[in-house]
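One structure is given here, and the rest of the page talks about it.
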Amino acid sequence: MKNYDILQHVKGESQFVDDILVPEGLLYAAVYYSQIAHGKIISINLDKAEKINGVKSIFTSKDIPGDNQIGGIIQDEELLATDKIEFIGQPIAIVIADNQLNAKAAARLINLELEKLPAVFDARKAAKNNLLIVPPRTFSQGSTEDCWSECDYIVEGQADSGAQEHLYLETQSAIAYPVEGGGIKIISSTQSPTVVQKVTARILNLSMHKVEVDVLRVGGGFGGKEDQATSWAAMAGLAAFKLKKPVKLILPRQEDMRATGKRHPYSSDFKIGLKKDGSIIGYEVTFYQNAGASADLSPAILERTLFHCTNSYYIPNIKATAISCKTNLPPNTAFRGFGGPQGMFVIESAIFKSAEVMGVDPAEIQKRNLLNENDEFPYGQKAENCNTKRTWEKAERLYFINKIRSDVKYFNDTNDIYKKGSAVMPICFGISFTNTSMNQASALVHIYSDGSVSISTAAIEMGQGVNEKVRQIAAEIFSIDIGKVKTESTNTTRIANSSPTAASSAADLNGKATEQACNNILLRLKKTAAEILGKNNFESIKLKNGIVYDSNIKTDLDWSKLIKTANLNRVNLSSHSFFATPDICFDRTKEKGKPFAYHVYGTAIIEVTLDCLRGIYKFDSVKVVHDFGKSFNQLIDRGQAEGAIVQGLGWMTIEEIMYDDQGQLLTDTLSTYKVPDIYFTPEMEIDFLENAENPFGIFKSKAIGEPPFMYGIGGYFAILKAMKAFNQQLDYFFNAPLTPEKVLMNLYRKS
Ligand code: MTE
Ligand code: MOS
């Protein structure tokens, strides 16, 4: 195993927040949540709870010294509810006790006097009542008003996709310590230490330099800890600040599932117009995003839905409108793909339905409309180094797509109970935070006098291997053994004003900052080497495998001697470097610009076998040609692709979040919420598209974290095709997840 972090995981040596040795006097926190979805608090009674053994204190909104506000994009979310309750699971009080059980027991005894109000859970209903998080936004290109008359086919429909639970292995966690001078140090399982720092400072009415946030690693985030790790850290911070004692807050799994937001469910209407030859002339779509009770990251996620509403296709006339709807569910939040998958599911549904009307295979329409070099996206950016067609055509050749199709047909002709289906799924995903100002990162590199290297960046290691990539970058630039390089925790005192580790851009942004910082030191080292070797200039000096070369001739100066001498000669062996993605912009008044540094492309072929007696299915294979740029760690990149594909398939098929009519989460355990496991996982073949060097990525690579998630969308359509092979009267429906239950109910339905 090449990934250092994984090696430690397997040995059980990696530390997560709950493993950190705790100081004496540590107290434990439990949170008291709202049990109703909408209402007003009339009074909070703590009398009984306070009498429980070991309870030190109970905090409510009244105890917050600063501003009781955790909202990022919009300031619309309280840390602890004062009088308005807007969802089940909304934090109202924090109980601090000598152990977790006592804290929990006390929390159960808190009593609320309430006034219940009518609640809304459906996005379309919220839109009708004008319950919006932000005003709707529209991206347009060409004119959809004039285009319909040119079309031979016009197809309309609805496509809905469901929520998804992040199910990171490490639940939301934080430990807060009071420090000298009235400050607070927080260890948090967050993707965004700076947001934790900023919000905790706001809650405690402290300046940011009095709040230090440290993250060693995160046991999975998937977007669920981009914004939503903050409140738990701030609660632990509040208690530690008030009690002058360390406080630990670890959410039990069920509480985590109930109190945190998920991937946004979307409901969408589409209208698509095509010519006889399959070319798409016009596309109109309206997205209803179920944002939950407050903004969280919803407006940014809404925007990415618009950016990706045409997936890998060029469509000349477009009108896409997105509406963020306020409902009484926990605020939904970032999840791998960040709204992109929801947008892409709709265009794929529209194409699929058109194919049925036209009597052709959906792949014919998909292929005909693939992006070409310099095609313009609806937001004004042009497709550059566009590898969409290359990946599609290579996938056709490499995986013998015609044979797959004829095999599926033969199987279906010769089997009654089992049916197969296959689908092709191209993807196109933009890389950069769409909020331009967030595309920044920094790195702090030290070489110690013994030649060992320490690197701090803004990147959070959460299983995606970013730390290993950062180590590789430094080892490559210094040309030393990777064992000499250590990545440090992500800490706000070493790296300030950091963007979250999100948008798949951590390796690019932090990697480039690391590259620059290492190059700064390398230049000084070359000068030092030249001095030691008695040369006038350093241009002929190179470091290779821990040895200094002069004009490609090996010298007897090695890395450790060079570093030791540089240190004695008072050469600066540290560098801090800052990176901001150049040449990106977006004008929200015009909804045009160049928001992305580049796009990631790829094509997948998905095959499924359906058991038409039981409605259950098994994905046989996912075969991909993916544009990784020039990967510099194929092991990590392949792992990211595989993980994302399985997570995408899970979202489309078996992962079903259900609330009852009061807004109570029904799927709040792993017995009721099913996620893909090793048996679900299909055979995966992942081909690295060759000659795909990316001039804008670190070491010519491309970001990998999110894009392959969207291959999973093809799984939905593969199942639909298998269903159709069984029941020719089936009316296609676009309502993910396509659970076995839903499959069964529809297999025997006559239209
Ligand atoms: N992989 C693992 N193992 N765990 C995670 O939490 N998060 C995903 C992806 N891959 C995640 C993961 C998400 S949502 C994003 S945005 C990227 O990793 C973030 O990391 P990167 O920028 O280094 O790709
Ligand atoms: Mo990823 S959803 O951008 O954390």
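Position 1 is the first residue of the sequence; numbering continues from there. Keep in mind that this is a model prediction, so the values were computed, not measured. For ligands, and for the atoms within them, numbers begin at 1 and follow the listed sequence.
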task: Report yes or no: does N497 contribute a side-chain atom to a donor-acceptor pair with the main-chain N or O of T194 at less than 3.5 Å?
output: no
task: Any atoms of ligand 1 less than 4.0 Å from a non-hydrogen atom of Q640? List them with their elements.
output: 1 (N), 2 (C), 3 (N), 9 (C), 10 (N), 12 (C), 18 (O)
task: Could you list the atoms of ligand 1 found under 4.0 angstrom from a heavy atom of G463?
output: 2 (C), 3 (N)
- prompt: Which of the atoms of ligand 1 are close to E706, meaning less than 4.0 Å from one of its heavy atoms?
  reply: 16 (S)
- prompt: Below 3.5 angstrom, do we get any N/O pair linking R336 and ligand 1?
  reply: yes
message: Restricting to non-hydrogen atoms, name the atom on P330 and the atom on Y659 that form the minimum distance, rounded to 0.1 Å.
response: CD-OH, 4.1 Å
field: Element-labelled atoms of ligand 1 that are located less than 4.0 Å from some non-hydrogen atom of G221
entry: 5 (C), 6 (O)
- request: Check each heavy atom of A503 against ligand 1 and say whether those closer than 4.0 Å belong to the side chain, the backbone, both or neither.
  value: backbone
- request: Provide the closest heavy-atom pair for I698 versus A507 in the form atom of the first, atom of the second, distance.
  value: CG2-O, 3.6 Å
- request: Look at ligand 1 and say whether S505 reaches it with a heavy atom at a distance under 4.0 Å.
  value: yes
- line: The atoms of ligand 1 lying under 4.0 Å from a heavy atom of A506, numbered in the order shown, are 21 (P), 22 (O), 23 (O)
- request: Compute the shortest N/O to N/O distance between T501 and ligand 1 and return yes if it is under 3.5 Å, no if not.
  value: no
statement: Minimal heavy-atom distance between V285 and F287, with the atoms involved, is CG2-CZ, 3.6 Å
Polar contact flag for F222 and ligand 1 (N/O pairs, less than 3.5 Å): yes
query: When only distance counts, is G220 in polar contact with ligand 1, meaning an N/O pair under 3.5 Å?
result: no
task: Could you label the plane-to-plane angle of the H308 and F596 rings as parallel, tilted or perpendicular, counting under 30° as parallel and over 60° as perpendicular?
output: parallel
query: atom 20 (O) of ligand 1: which protein heavy atom is closest, and how many Å away?
result: Q464 NE2, 3.0 Å
Give a table of atom pairs where an N or O of ligand 2 lies under 3.5 Å from a protein N or O.
residue: ligand 2; atom: 3 (O); partner: A503; partner atom: N; Å: 2.7
residue: ligand 2; atom: 3 (O); partner: E706; partner atom: OE2; Å: 3.3
residue: ligand 2; atom: 4 (O); partner: Q191; partner atom: NE2; Å: 2.9
residue: ligand 2; atom: 4 (O); partner: G223; partner atom: N; Å: 3.4

- request: May I ask you to identify, for Q191, whether its side chain, its backbone, both or neither come under 4.0 Å of ligand 1 on a heavy-atom basis?
  value: neither
- prompt: Within less than 4.0 angstrom of ligand 1, does S504 place any heavy atom?
  reply: yes
- prompt: Any idea which protein heavy atom is nearest atom 4 (N) of ligand 1, and the distance to it?
  reply: M462 O, 2.8 Å
- request: Measure the acute angle between the ring planes of F377 and H599, then classify it against the limits of 30° and 60° as parallel, tilted or perpendicular.
  value: parallel
